[in-house]
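Inspection log for the structure reproduced underneath, given as structure tokens.
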Amino acid sequence: MPIFSSKHHFTAVPTVLLFFLVAVENSPSITVLAGNNHVINFRSPNLYPEGLAWDPTGQHFLVGSLRRRTISAVSDAGVVETLISDPSLPENVTVLGLAVDSRNNRVLAVLHAMKPLPPFNALAAYDLRSGHRLFLSLLPSSDDDAIANDVAVDFKGNAYVTNSFNNYIWKVNDRGEASIFSNSPRFTEHPVLPDTPYSYCGLNGIVYVSNGYLLVVQYNTGKMFKVDADDGTARHVLLNEDLMSADGAVMRSDGVVLVVSPVNNKVWFLKSNDGWGQGVVFDKIDLDVEGFPTSVVVGESDRTYVLYGRMDEGISGNSERDSFRIEEVKSPKESEDENVWMYVMIGVGLAYFLYWRFQMGQLVKNMDKKIN
């Protein structure tokens, strides 16, 4: 009797194909997602968060607050816990941009208070586990309308903070020593809008790129700039469209940059093939017109999330709210490409196993001939 029979061939192929499909679906390089985006609803009275960060060690999101001197942790299930409370800060301070410095186990928080004059602009560093404040660095400025907004951190622990009103960047080293780092004329060479809401008319979202430079977006022109992390020199990144009213920005591990706008209610997906001399907006999605999305972050498994913190209501000063949300965002074009790739892989797998089946059939025939 032959070792292999036709029955074995017909049962082996669908079994191996099933294994192949499971492997494709669970491959880290191929994302097969169905259904709605992941949404995290969380409740905290009058929190009004503007900044959002991801703590990979604690496996939770971190959010600031318009009306509290706190940084809160938000779990995947929407459970809110006050991680850091600093009552020594001015009573009217706003906790804006956040960045997690995983190498030094700390979170950096941008602090701003407009009144009383001169405005209070600072960067605070807190230990991620104990909540102990490591330093509070006042950001030098001769302007009575400076607004510290967002922050990025490099591998050495240096922090870069944007001024969202007067178009320059501060630098704060790992010891808390602050200086004006980049005041490039490139930031002011483009026409600006005469009126912009919420006083954010300068540099906003900022990203540190491991190649030794920063990417920063400008609210009132929609421009993006590439800034040298050593000397602060800047150049305009050529894009196929402006990112009007750009606010938060983040970079994924694959080099794709996401920029969010709370006014246009959009997320732009950008990429570059030449080290950000030029870039292209390859996709954009419309966000919920309610919620005022200000920040975007990369979470677990490179999934990206937008914060709906209702800052527009909070700024008005006469509102009360306790519900906010963090929502996953995906590029439809990337999803289409992933699905095409999945079907190509399935086709290749099917062709391979049909070929395998043919070879096994030939082997059985040859063995039958030898036995007979």
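- Of the charged side-chain nitrogens involved, none lies within less than 4.0 Å of a carboxylate oxygen, so that Lys171 and Glu177 do not count as a salt-bridged pair.
- Checked against a 6.0 Å centroid threshold, the rings of Phe181 and Trp170 do not count as neighbours.
- A salt bridge does not link Asp127 with Arg133: every distance from a Lys NZ or Arg NE/NH1/NH2 to an Asp or Glu carboxylate oxygen is 4.0 Å or more.
- At most 12 heavy atoms of other shown residues, nucleotides or ligands fall within 6.0 angstrom of atom CG in Asn273.
- Pairs of residues two or more places apart, or lying in two chains, that qualify as side-chain hydrogen bond (donor to acceptor under 3.5 Å, both in side chains) and include a residue from residues 73-85 are His38-Asp76.
- Residue Met224 is grouped with residue Val207 when hydrophobic side chains (ILVMFWY) are merged at heavy-atom distances under 4.5 angstrom, including chains of intermediate members.
- Salt bridge present: Arg129 and Asp55 bring a charged side-chain N and a carboxylate O closer than 4.0 Å.
- Taking a cutoff of 4.0 Å between a charged side-chain nitrogen and a carboxylate oxygen, Glu334 and Arg252 qualify as a salt bridge.
- Under the 4.5 Å side-chain contact rule for hydrophobic residues, Tyr208 and Ile206 share a cluster.
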### Query
Which is it for Phe324 and Tyr308 under the ring pair (Phe, Tyr, Trp, His ring centres under 6.0 Å) test, yes or no, and what are the steps along the way?
CA-CA 6 Å; Phe324 310 94; Tyr308 290 93; over 10 Å; no

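- At a threshold of 4.0 Å, the pair Arg106-Asp101 counts as salt-bridged, since one of the basic side-chain nitrogens sits closer than that to a carboxylate oxygen.
- In this structure, Lys266 pairs ionically with Asp286, as a charged nitrogen and a carboxylate oxygen lie closer than 4.0 Å.
- Tracing side-chain contacts under 4.5 Å through hydrophobic residues (I, L, V, M, F, W, Y), one reaches Phe225 starting from Leu214; they form part of the same cluster.
- Tested against Gln218 for a side-chain hydrogen bond (donor to acceptor under 3.5 Å, both in side chains), the candidates Asn167, Thr162, Asn204 yield a single pass: Asn167.
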